[in-house]
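Per chain, numbering begins at 1; letters A, B, ... match sequence-line order. If you're wondering where the values come from, they're calculated on a predicted model, not measured in any experiment.
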Number of protein chains: 2
Amino acid sequence: MSPTPQERRAARHRLGTGSSAPAARRGPSGGRKRPITVDAIIGTAFGIVEKEGYEALTMRRLATELETGPSSLYAHVVNKEDLDELLIGRLCAEIDLPEPDAVTWRRQIIDVCTQLRDQYLRYPGISRAAFAAAPSNLDTLRVSEGMLAILLAGGIDPQTAAWAIDSLMLYVNAYSLEISLVNRRLSRSDHAWVVSRDELLDRFAALPDTFPHTKRYAEELTAGTTHDRFDFTLGLMIDGLPRQQRNP
Amino acid sequence: MSPTPQERRAARHRLGTGSSAPAARRGPSGGRKRPITVDAIIGTAFGIVEKEGYEALTMRRLATELETGPSSLYAHVVNKEDLDELLIGRLCAEIDLPEPDAVTWRRQIIDVCTQLRDQYLRYPGISRAAFAAAPSNLDTLRVSEGMLAILLAGGIDPQTAAWAIDSLMLYVNAYSLEISLVNRRLSRSDHAWVVSRDELLDRFAALPDTFPHTKRYAEELTAGTTHDRFDFTLGLMIDGLPRQQRNP
DNA sequence: AATGGACACGAACACCGTTCTACAATAGAA
DNA sequence: TTCTATTGTAGAACGGTGTTCGTGTCCATT
């Protein structure tokens, strides 16, 4: 009875293991070398995003990569939006969640966030899709559940923990998206609009006196190698948690 | 010598007041009732976004609203990206920055963030454009400068303040974008994918036992009227600041 | 062997951002 | 006042996007 893509999608938002048995292909596979499956679609989609960024992921490009036409994809996927959701789901499935520990919970939660960040950055721009992902997706819920478990093990008040998870995931998404966008601007530096840190420093130096602090602390404003800012913000949020244990 | 749009844009990133004199129209204006100006473009663009959301803002739609063809816009605006930047600039220009006060600095910084949030939410989805906005835009720099001034008045270490501003603005953007996306999903509830809080509660209740905490604390996870989560996160970040005054 | 159903796919639709080109109208020069 | 160069206006078109329709093709079952 092979479910339609719509049904598959609905199932992904209800209870279920998330990976229903591949269901031993029944229909025709044409003269194709490899039949088109949802997994194949997701796989090549990740390949495209990894190499060329999320912006390059179009239905046509994806179809070309699979050596078929665009319409063929719609037998397996409802939408581009649906494809996005599948990608985010797969990505979240890769996250491994530690056994919550009442002592090391801070490191644990930071570790999960870092995993998320690195996954997002591995596929540049994909965090854009994460924003639109509905909160009822099972794979993303699995990560939320894991983070909730960690915070609760740390003795955080449930309401605080729930909101904190939301904030953390939102920030990780936003941070990753911003990094990806900046990298993209750097890579296609033909128009070279905003660029290196040195140039930014120059520009800050050239500002009118209406910007006294920006000029004076240009060094600090443009500082931050690798992921210093990321660690800083996570620390800010997590260290602020315990003092809110009894939330009004 | 009327600058080209490219020159105008470049000027926006160098020093300048931001509003060069309107320069008394010289060229022809055809039989037009109202000539097309950058201000007119920005104005109607805001109108579209306010009524129909950022996704509805296309060059063609904008041209139609101005009773002209798409190509006419490119005499005043470099790109769609450029238009986005203009919109964000205008939006930031509306923010009013308080005189920094060493006592009330917490409320002041929260107030600025709230202003930003409300502006973003007034024009649903526009925060998407804010992500891409280059950090050298004068109008956005003005807001940064103001926030920096407030934090410094609060006695925060410059490096900490610089990073905190970054985090705060990033979070405000992300929060506004998320809210807008959720609202959009609610409004076009034909597909009614994810919906009311009640439905979300039901869905959480129907989860398998692999999600014990999510099921148990479904109430907390879905709680948060209006902007509770926003205030919570801002509080988290700001209250965490002073203890980092001496940053490594 | 025949049939039904699942799958693949080419063509097309409506839309997007952007560019090319020709056009009209004014401001200044003669 | 006439002429011309400048400059904003626009129509048409290009290459791209997501998505749908109808048709074709093959397999597994009867």
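For the pair A:Leu62 CG and D:dT19 P, the computed distance is 12 Å after rounding to whole Å. D:dT9 atom P lies 4 Å from atom CD1 of B:Ile36, rounded to whole Å. Rounded to whole Å, atom P of C:dA8 lies 9 Å from atom CG of A:Leu73. Protein atom CD1 of A:Ile41 is 12 Å distant from nucleotide atom P of C:dC7, rounded to whole Å.
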Using a 4.0 Å cut-off on protein heavy atoms (strictly under), produce a 5'-to-3' string for nucleotides 12-21 of chain C with B for base contact, S for backbone-only sugar-phosphate contact, and - for none. B---BBBBB-

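For C:dC7, neither phosphate oxygen OP1 nor OP2 lies less than 4.0 angstrom from any side-chain nitrogen or oxygen of A:His76. For A:Thr68, no side-chain nitrogen or oxygen approaches OP1 or OP2 of C:dA8 to under 4.0 Å.
Residues meeting the side chain to side chain contact (heavy atoms under 4.5 Å, CB included) test with B:Thr214, sequence neighbours left out: A:Leu141, A:Glu145, B:Phe204, B:Leu207, B:Phe211, B:Leu221. Legend: residues meeting side chain to side chain contact (heavy atoms under 4.5 Å, CB included) with A:Gln115, ordered by chain and number and at least two apart, are A:Ile95, A:Asp96, A:Asp111. Not counting sequence neighbours, A:Tyr120 has no partner by the ring-ring contact (aromatic ring centres under 6.0 Å, His included) test. For A:Phe46, the ring-ring contact (aromatic ring centres under 6.0 Å, His included) partners two or more places apart in sequence, or in a different chain, are A:Tyr123.
For residues 164-174 of chain B, every residue pair satisfying the salt bridge (Lys or Arg N to Asp or Glu O under 4.0 Å) rule, not counting sequence neighbours, is listed here: A:Arg229-B:Asp166.
Heavy atoms of other residues, nucleotides or ligands lying less than 6.0 angstrom from CD of B:Glu52 number more than 12.
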